[in-house]
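Read through the structure below, which is laid out as structure tokens, and then see the notes.
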Amino acid sequence: TSPLAWLRTRFYYLLIRLYFDQEFSIEEFTRGAKQAFSVVSKLLSQCKLDLLDELVSAEVLQVLKEKISLLPDNHRDALAADIDAIMYTTEGDVRIYYDDDGIKFVSILMRFWYLNGANLPDEVPGETKVFQIVFGDESTKEKRHLLTANYEFQREFTEGAKPDWTITRIEHPRLLE
């Protein structure tokens with residue numbers, strides 16, 4: 001990320017700690033986001049969408065129900081990310097919202113890069129190359145794909161609101177389109 005973007009996100013983290021949650025830690029949030037990403041991605045790949053009610057917003061869940069049913073099996077398999085297969089995580093955009101009724105929200109976009117052994121073609125639709133990593137020698141090689149996903153987490157900080165983060169956007173580029 002650019003130095004300006006890095007500085008901007010750090011400023012927002014300071015605002016979150018000062019005005020919303022004095023205990024907020026981006027390191028702890030990132031650990032929780034990785035766990036949530038792993039659980040949600042596995043449930044998506046298994047088509048167990050009814051188990052996502054408490055984790056994913058109703059709007060996103062409705063869109064997922066439509067998209068998941070149309071996916072080929074290999075794309076559905078590629079959605080699953082074991083927590084140990086997450087190679088890199090970074091926070092994207094951080095936003096603080098106030099609506100007209102005085103309700104306060106914070107949203108944090110997280111980007112994940114993970115290895116997956118699904119049987120995907122070398123080239124996926126959209127003419128984008130899927131990175132492949134080969135483990136082992138030529139006779140026992142295991143092909144893995146390096147895939148990306150973007151999940152946006154949102155929490156309401158209005159007094160009396162539940163202190164839960166909800167996923168309000170799920171993107172698996174080239175897989176879940």
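In this text, all values refer to a predicted model and were calculated from it rather than measured experimentally.
- With hydrophobic clusters built from ILVMFWY side chains whose heavy atoms lie under 4.5 angstrom apart, Leu14 shares a cluster with Val106.
- Ile103 and Phe157 sit in two unconnected hydrophobic clusters of ILVMFWY residues. Membership requires side-chain heavy atoms under 4.5 Å apart, directly or through other members.
- Under the 4.5 Å side-chain heavy-atom criterion for grouping Ile, Leu, Val, Met, Phe, Trp and Tyr, Leu43 is connected to Ile83 within one hydrophobic cluster.
- Between Glu171 and Arg111 no salt bridge is recorded (no basic side-chain N to carboxylate O distance below 4.0 Å).
- Of all heavy-atom pairs spanning Ala33 and Met110, the tightest one is CB-CG, 4.0 Å.
- Residues Asp53 and Leu61 have side chains in contact (heavy-atom distance under 4.5 Å, counting atoms from C-beta outward).
- Aromatic rings from Phe153 and Phe29 are positioned such that their centres are separated by under 6.0 Å.
- For the pair Ile96 and Phe105, the minimum side-chain heavy-atom distance is 4.5 Å or more.
- A salt bridge is absent between Asp50 and Lys65: the closest approach of a Lys/Arg side-chain nitrogen to an acidic carboxylate oxygen does not fall below 4.0 angstrom.
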Practice task
For salt bridge (charged side-chain N to carboxylate O under 4.0 Å, His left out), just list the numbers for Glu91 and Arg10, CA-CA rounded to whole Å, side-chain angles, deciding distance to a tenth of an Å, and then say yes or no.
Solution key: CA-CA 11 Å; Glu91 57 280 350; Arg10 295 308 177 258; 3.0 Å; yes
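- The environment of Leu4 atom CG is sparse: at most 12 non-hydrogen atoms of other residues, nucleotides or ligands sit within 6.0 angstrom.
- Atom CZ of Arg95 has 12 or fewer neighbouring heavy atoms from other residues, nucleotides or ligands inside a 6.0 Å radius.
- Between Trp165 and Phe24, the ring planes lie tilted relative to each other; the angle falls in the 30° to 60° range.
- For the residue pair Glu152 / Thr168, a side-chain donor-acceptor distance below 3.5 Å is found, with atom types taken as modelled.
- In the hydrophobic clustering of this structure, Ile16 groups with Tyr98; members are Ile, Leu, Val, Met, Phe, Trp, Tyr whose side-chain heavy atoms approach within less than 4.5 Å, directly or through other members.
- Gln154 is not listed as a side-chain neighbour of Ile167, based on a closest heavy-atom distance of 4.5 Å or more.
- Of the charged side-chain nitrogens involved, none lies within less than 4.0 Å of a carboxylate oxygen, so that Lys104 and Asp99 do not count as a salt-bridged pair.
- There is a side-chain donor-acceptor pair under 3.5 Å between His172 and Tyr151.
- Counting non-hydrogen atoms of neighbouring residues, nucleotides and ligands closer than 6.0 angstrom, the OH atom of Tyr97 exceeds 12 such neighbours.
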